[in-house]
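Written out below as structure tokens is the structure these notes cover.
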Amino acid sequence: MLSVPRNTPFIKKVWLWAVTFFIATFVYPTLVYANPIRLWHAYRGDEEKALLEIIKTFPGGKIETLALPADALDSKLASASLVGEGPDVFIAEHHHLGEYKARSIVGKVGDAFEGEGAFIVPAVRAVTDGDGVWGVPLSPKCMALFVNDDLAKTPADFEAIGELTGKLPQGVFPLVYEARNLYAHAPIFGAFGGELLGKNDQWSFIGTEAETSLNLARTFIAKGAVPDDANYNILKELFKAGKAAFVISGPWLAADLSDAKDLRYHIEVLPNIRGAGQPMRPLLTVESAMLTKQGAEKPEARALAKWLASREAAQVRARLAKTLTARSDVSIADGDPMLRVFSEQAKVAIPMPASRAMQAVWDPANRAISKVIRGEAPPDVALAEAKRRYDTVRRPPPDAASPTPFLIVIGGILLVLVLYWVRGAKKGDFTGEVKRSLPAYAYVIHSVVAVGLLVIAPLTVGAATAFFSGNLFGDTSSRRFVGLANFIDILTAQGGALLTTGSFYVVLLVTLLWTFLNLFFHVTIGVSLALLLSKPALKLKAFYRVLLIVPWAVPSYITALVWKGMFDRQFGAVTGLILGLNDLFGFHMEPISWFARFSTAFTANVSTNVWLGFPVMMVVTLGALTAVPQDVLEAAEVDGATRWQRLWRVTLPMIRPTLAPSVTLGGIWTFNMFNVVFLVSGGDPDGTTDILVSEAYRWAFTREAKYGYAAAYSVLIFLMLFGFTRWDEWRKKRADDRDRAVRAKEAAA
Amino acid sequence: MASVTVRDLHKKFGETHILKGVSIEVPRGKFAVLVGPSGCGKSTLLRLLAGLEEATAGTIHFDDRDVTSLAPRERDIAMVFQSYALYPHLSVRENMAFGLKLRKTEPAEIERRVKQASAMLGLDHLLDRLPKQLSGGQRQRVAMGRAIVRRPSLFLFDEPLSNLDAALRSQVRVEIRKVHDELEATSVYVTHDQVEAMTLADVIFVLNKGVVEQAGHPLDVYARPATRFVASFLGSPSMNFIDVELARDGGGWVAAGKDELRVTFDAKGFEKGLVAGKQVTLGVRPHEVELFSKSATYRTTNERGAPLTVSIVEALGTESFAHGKLGGASFVARLDAAAQIKKGETVELAFKTVHLFDRETGQSLRDEA
């Protein structure tokens, strides 16, 4: 805020305002415009070196670069473009284009694009849509086949890899790929000619091609040719350890294998699939130089984008960072077979759909794949279900509702409040009271402002979001007021059966079960341990106490990840324990596939959260126990109470008042315990172990940014917890009132 | 009701020897008070009777039953704690009924007994309150009620009045004795307050450093303290002690001390212990002196009184306490307020009774009664 000293003469005031106006209107914009071209990227190491080298030789204008972590680039772009502070040029993968377009972050590249002939076909397809070209392709990335030279030779075709089962040394998988992941399954699907998105963003991972591809994957897993739960780390470790003859992965794996000195391997183009008579076709992502809307209007920015994709730049990149180029006219040095293979592979790869709808594909598709390869559902059923899920997410936003009734209701409430206030003001010496208490306001105003800005405002905005669909900020063209439609949708389970998987009511039931079980174990384990620890005769007490608080001290997400690792069916500690027991005692227990069934996945979640939560209860109980006087326990002993009776009838009732608030709080925390559910089971199997918050998260972040929908979930969660705490208070108050009434009656008598 | 017999009881906590062979005997229905300074072992003895501590050696019998190693709930006792130790989460009624409920007493019977006890203690209108809603005196009475409803064979009281203010204390003290008399219960009561000890007890046990120094009826113990410790512990203000030497004086005896102190006394009752030239301690209670008067005849003093140089006078209205030096020791005398003693004056005192203690052992020189 610009403030003008009060006793300045009038003419000086005019001058001050005039100068300010001039600066704001003319000088500031030119200053901004004179800034160098801003380039944002997510490169590190060799790739960043190569980029800086390329920029050094850029003939036009000064460039300011900013390196961001890959996952921060998106959010930073979105927030910076809101206030016009974004870059001119940025480097990102092409499949974000749909999102960037929807958020009005990108502009067309115009003359930065040299022409279709300069780039390989899939790369051009990747950055082009009906409207034009939205990025300049720099570098394509896709998967290829890594071959362990000590274990296998080039396979005749994909099926031949499966036929290696049983012919390799003990414990070696013929093939490892991330079988539950659509990205890794896509090459098989691609060979059968399938596409992930149809016209107008229709779900098209369905039908014969999709079913055949899934059946093929299923046969591989069924006969043990492929582990069913490999993630990237497992894949990498298996290949490094020589436990995988082939793996399907991308250039990033090659980078991670650089420290495996003894490993002899080479990379090949993915083989044909016999059943399809076609080569496997992986998904292609193309790193591209993109222009923001402001950048697209600047010739220098366009020139920079063009320069980044130039032949010279491609050569620098190949030399310094061994990056593959998207250009068709740059030959690859003979000494680099890896680049050559990836270059060949890229030519048959299918560009990943850049449409925003793709965001909604991953989750249902991954779930369907998981179900099929675990043999829980035949492909057609699983895929139909996935399609239904996708359609639920993609269905058109609710019709715009008239805000009038809401405004009337809100206006009415405000009116009542004002009337109430006025009535209060009329009573007694209101103005005098306000005047007297004015100095007090000076002491609390800063905290009121802070709480208002940090708590009340976000809460209000969040709650308001629930009444809208589309983007609330940024490009608001899709925003519309939908009234209670989001809530109605949720509460009617999107018009489907009320008790199907993923419906609000089922998730609520799971959440309640989750909360109840966790609290039960937190309290019983916490209290029992505290009782043990409070025994005066116990030795090494301080040591145990510290040891038992450790689960609490470790950040919960680390604990959650560790537990998830322990529950891994093939490589987890629990499986190790089972196998160890089998070896020791000759048992025949099967390793448990923890996340394949609701009961076991839920158990895994609960165990993790119990581990995380009991120390709080233990510490609170230890504190409460110090407040139980020894002589009361002795009085009970003299009164004839046994050890158990003293515990049940004296100790526990006495610590209850201290424990009660912790239990209430614990209930609220557990009800909203996102970390554990998201990180341990991740909703597996099939979203059944999701609780309300993790479901809200999915709507906001994995289902096309349905923020309004997610906000409606949050509002419902808030209302439930609010109601619960009110009820709790009311219960306590009623007990107090009863107490007081009894006393009043006595006093009267 | 049961009698209590404790024989040669020892209690050690680690290296600390708290009780060093205590033997007491409380007849049925009697009110026994264990009194002594802090750390004398009286509370430990009570906790041993309750079964809250385990004896290191020795035996405890209630009547003929050896209870030495029984748990508290097998002993049929009730105890009133210094802090009352009420169950804070239970109402007065539930507090009183707690022990009966644990013993699966009929609800009707519980109700009857609670009613009876609360009527006795004036708690009827408080039955539904929680302990935190009661005053100190009311809590004390609830604690008593809780003991009474149980109808145990032995009541134990652990300094039950020490958390009450002075006015309430004397009131509740009377109530305790009244309840005891009504129930004709055997009671063992621990206190460090000699007034409580004197007023309540049928039989008093003075403990010091883990041994019983003297046992008996409180007035007997007061009148004939067996040791210098007992003499100093009972009575307020405390007994005065003066170092003297014994000598014969014609047919009688005289105790000679500093500052020309010569006290002749009647040797009756001291016959065995008196040896001429022996260094002993002369004990005189402040209440057992008066101003010397030539016209009166005294059993203990010769023609002159014992001179007391007064340094402070505490005037309490009907009586005054004159503090000063006598025979080289500090001395307190209770005198009639009418005497109008002034600070700095020297008055001559006559002793109505004297006590003599062996300078080394502290034992009384009085012949056994």
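When reading the values below, keep in mind they use all heavy atoms of this one structure, side chains included, and skip hydrogens, waters and symmetry mates. Naming convention: chains lettered A, B, ... in sequence-line order (proteins, then strands); numbering from 1 in each chain. On a predicted model such as this, the values are computed, not experimentally measured, just so you know.
Contacts of B:R75 with chain A are absent, with no heavy-atom separation under 4.5 Å from either backbone or side chain. Looking at B:L86, only its backbone comes within 4.5 Å of chain A, counting heavy atoms on both sides. Looking at B:L52, the atoms closer than 4.5 Å to chain A (heavy atoms on both sides) all sit in the side chain, from C-beta outward.
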message: Under the criterion side-chain contact (heavy atoms from CB on, under 4.5 Å), I'd like the reasoning laid out for B:F81 against A:V632: C-alpha separation, chi angles, the key distance, then a yes or no.
response: CA-CA 9 Å; B:F81 289 77; A:V632 174; over 6 Å; no

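Between the CD atom of A:Q645 and the CZ atom of B:R73 there is a distance of 7.5 Å, given to the nearest 0.5 Å. Considering NE2 of B:H89 and CG of A:L652, their distance stands at 9.5 Å, rounded to 0.5 Å. A distance of 12.0 Å separates CG of B:D128 from CZ of A:R738, quoted to the nearest 0.5 Å. Between atom CD of residue B:Q82 and atom CG of residue A:D631 there is a gap of 9.0 Å, rounded to the nearest 0.5 Å.
When all heavy atoms are compared, the tightest approach of A:A635 to B:A85 is CB-O, 3.8 Å. Nearest approach of B:R103 to A:D639, heavy atoms of both residues: NH1-O, 2.6 Å.
With a 4.5 Å cut-off on side-chain heavy atoms, A:R649 and B:Y87 do not count as touching. A:E634 places none of its side-chain heavy atoms less than 4.5 Å from the side chain of B:M79.
The environment of NZ in B:K178 is sparse: at most 12 heavy-atom neighbours from other residues, nucleotides or ligands sit within 6.0 Å. Other residues, nucleotides and ligands contribute only 12 or fewer heavy atoms inside 6.0 Å of the CZ atom of A:R643. Counting non-hydrogen atoms of neighbouring residues, nucleotides and ligands closer than 6.0 angstrom, the CZ atom of B:F13 exceeds 12 such neighbours. Applying the 6.0 Å contact sphere to OH of A:Y505 captures more than 12 heavy atoms from other residues, nucleotides or ligands. Atom CZ of B:R7 sits in a sparse spot, with 12 or fewer heavy atoms from other residues, nucleotides or ligands closer than 6.0 Å. Heavy atoms from other residues, nucleotides or ligands lying under 6.0 Å from NZ of A:K732 number more than 12. Dense packing is recorded around NZ of B:K11, with more than 12 heavy atoms of other residues, nucleotides or ligands lying under 6.0 Å away. Residue A:D737 qualifies as enclosed at atom CG: its count of foreign heavy atoms under 6.0 Å is above 12.
Of the listed residues B:P72, B:A78, B:P152, the one with more heavy-atom pairs under 4.5 angstrom with chain A than any other is B:P72. In terms of heavy-atom pairs under 4.5 angstrom with chain B, the leader among A:V638, A:L633, A:T642, A:V650 is A:V638. Comparing B:A50, B:P88, B:A147 by how many heavy-atom pairs each has under 4.5 Å with chain A, the most go to B:P88.
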